Amino acid sequence: MSANKAIKLAVIGRGLIGSAAARHLCKMGHDVALIGPNEPADFSSHGGVFGSHYDEGRITRSFDPGAFWRQVNRAAISRYGEISAESGVEFYREVGVLHVGSGESSDVASVGKICAEAGILCEAYDDTGLAERFPFLRSTAGMQGYFEPRNAGYISPRRLVRAQTIAAERAGVRTIDEPALGISESGSGVTIRTTTGSVEAERVLVAAGGHTQSLLGQSLGFTVYGRTAALFRLGAAEVQRLAGMPSMRCIGPKGQNPYILPPIAYPDGQTWLKLGGDPVDMPLESEADIKDWFKSGGSIDVADGLQKQILDRIRDFKFEERRVVPCMTTFGDTGLPRIGPLSERVAVAFGCYGKSAKCSDELGRLGGMALLGEVKAELAP
Ligand SMILES: Cc1cc2nc3c(=O)[nH]c(=O)nc-3n(C[C@H](O)[C@H](O)[C@H](O)COP(=O)(O)OP(=O)(O)OC[C@H]3O[C@@H](n4cnc5c(N)ncnc54)[C@H](O)[C@@H]3O)c2cc1C
């Protein structure tokens with residue numbers, strides 16, 4: 001391939017990673033079609049595919065225990081301003097992230113240690129300091145916290161997909177608001193069948209999240225899990241009281257390690273506080289399992305557990321209404337996403353470990369590079 005020749009490319013999946021990949025590939029000078037449907041209006045009656053970004057809150061931060069993830073987090077966060085400028089869509093709030101847990105936990109201590117080693121700005125708080133700095137916490141006795149004040153907070157994954165799509169379209173990407181039904185590869189190209197026709201491309205990147213393996217008709221060693229999040233609608237007084245709250249990552253044993261988003265304004269005009277971190281690993285083994293899970297509306301038992309967690313953690317927490325939301329995540333054995341070629345003309349970019357919203361712009365860029373033949377060393381199979 002000549003470096004200057006525009007290649008006709010397709011990206012399947014207009015979620016966080018796919019929309020980012022399309023934007024990057026187009027800006028590199030290629031002719032790109034981005035194929036994927038919008039968020040379904042009603043899960044229970046929807047017969048098509050689902051995604052993991054149908055929400056307004058995802059924690060973003062530089063810190064991660066793994067060097068790969070820290071690097072992609074930082075690369076993506078450094079481009080949030082660029083994506084907003086190219087699209088006119090704001091999606092990021094720098095409210096900071098508090099990592100908090102028992103003062104005796106080595107996992108908690110390692111946050112401070114890793115941040116210091118990696119040059120991530122981070123403030124340390126003992127239990128007295130936590131109570132003063134974060135007065136909404138219910139109990140801080142014996143706790144230790146590390147607060148990332150910069151390049152951390154939350155993004156709206158829904159708005160980020162919109163921003164990436166608009167920026168990609170402005171750069172020249174053609175979006176096709178339909179699911180891909182199948183891919184066939186020949187010596188001269190790839191044909192992607194959609195509901196109303198087909199798209200021809202020289203190469204295709206599949207970034208279809210939890211649907212990736214079923215669309216390809218092969219296992220790539222990743223398991224899709226159903227996840228439940230709980231949202232709590234807040235009254236005006238509670239919104240005001242919790243106004244300074246950062247995103248929170250509670251470190252503890254399974255079931256006692258929720259992540260908590262601060263109050264966020266949702267499209268219904270209300271303010272909701274979300275938490276997740278459910279203790280149940282429920283594998284979704286087929287396309288039908290994924291669809292049934294989203295249609296089911298999520299697990300009430302898990303939401304009850306999350307409700308207990310929020311009442312335990314936020315002093316005098318009051319809410320008006322609870323909503324239970326289903327989602328899905330993908331996990332592999334390596335701890336790394338799968339971003340690389342499957343054949344001469346087909347590449348994949350997926351494997352989110354429940355933490356790939358924040359870094360999706362960099363994962364999408366790496367997916368685009370993989371499609372062009374350049375795979376990041378640590379991701380090489
Ligand atoms: C409850 C929950 C909380 C999370 N919290 C965080 C967090 O705090 N911070 C964080 O960084 N990450 C978080 N994540 C993870 C993050 O949302 C995912 O990592 C991210 O959405 C993965 O991006 P993706 O592009 O791989 O998948 P998606 O965003 O799901 O996109 C995949 C897209 O592919 C499309 N698609 C599927 N099949 C087809 C097909 N056949 N044809 C065309 N298109 C298709 C779908 O419509 C979808 O738009 C959370 C996830 C969940 C479930």
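Both ligands and their constituent atoms are indexed starting at 1 by order of listing. Every value quoted in this text rests on a predicted model; they were computed, and no experiment measured them.
- At a 4.0 Å heavy-atom cut-off, ligand 1 touches His211 through the side chain alone.
- Among Glu39, Lys358, His53, the residue whose heavy atom lies closest to atom 29 (O) of ligand 1 is His53.
- At a heavy-atom cutoff of 4.0 Å, ligand 1 is contacted by the backbone of Ala207 but not by its side chain.
- Of the heavy atoms in Ile59, both backbone and side-chain atoms come closer than 4.0 Å to ligand 1.
- Nearest heavy-atom pair across Leu311 and Arg138 is O-NH1, 3.3 Å.
- Asp64 has no carboxylate O lying under 4.0 Å from a charged side-chain N of Lys358, or vice versa, which leaves the two without a salt bridge.
- Ligand 1 places these atoms under 4.0 Å from at least one heavy atom of Gly36: 43 (C), 44 (N).
- Only the side chain of Val49 comes within 4.0 Å of ligand 1, judged by heavy-atom distances.
- Looking at Arg23 and Glu82, a side-chain N of the basic residue comes within less than 4.0 Å of a carboxylate O on the acidic one, giving a salt bridge.
- Contact annotation for Phe50 and ligand 1: only backbone heavy atoms (N, CA, C, O) come within less than 4.0 Å of the ligand.
- Of all atoms in ligand 1, listed by their number and element, those nearer than 4.0 Å to a heavy atom of Ile12 are 42 (N), 43 (C).
- Nearest-residue assignment for atom 14 (N) of ligand 1 (options Gly354, Ala357, Pro179, Cys327; heavy-atom criterion): Gly354.
- Here Ile35 has backbone heavy atoms under 4.0 Å from ligand 1, and that is the only part of it that gets that close.
- Under 4.0 Å is where a charged nitrogen must lie from a carboxylate oxygen, and between Glu86 and Lys27 at least one such pair does.
- The aromatic rings of Phe50 and Phe294 sit parallel to each other, their planes meeting at less than 30°, with 60° as the upper class boundary.
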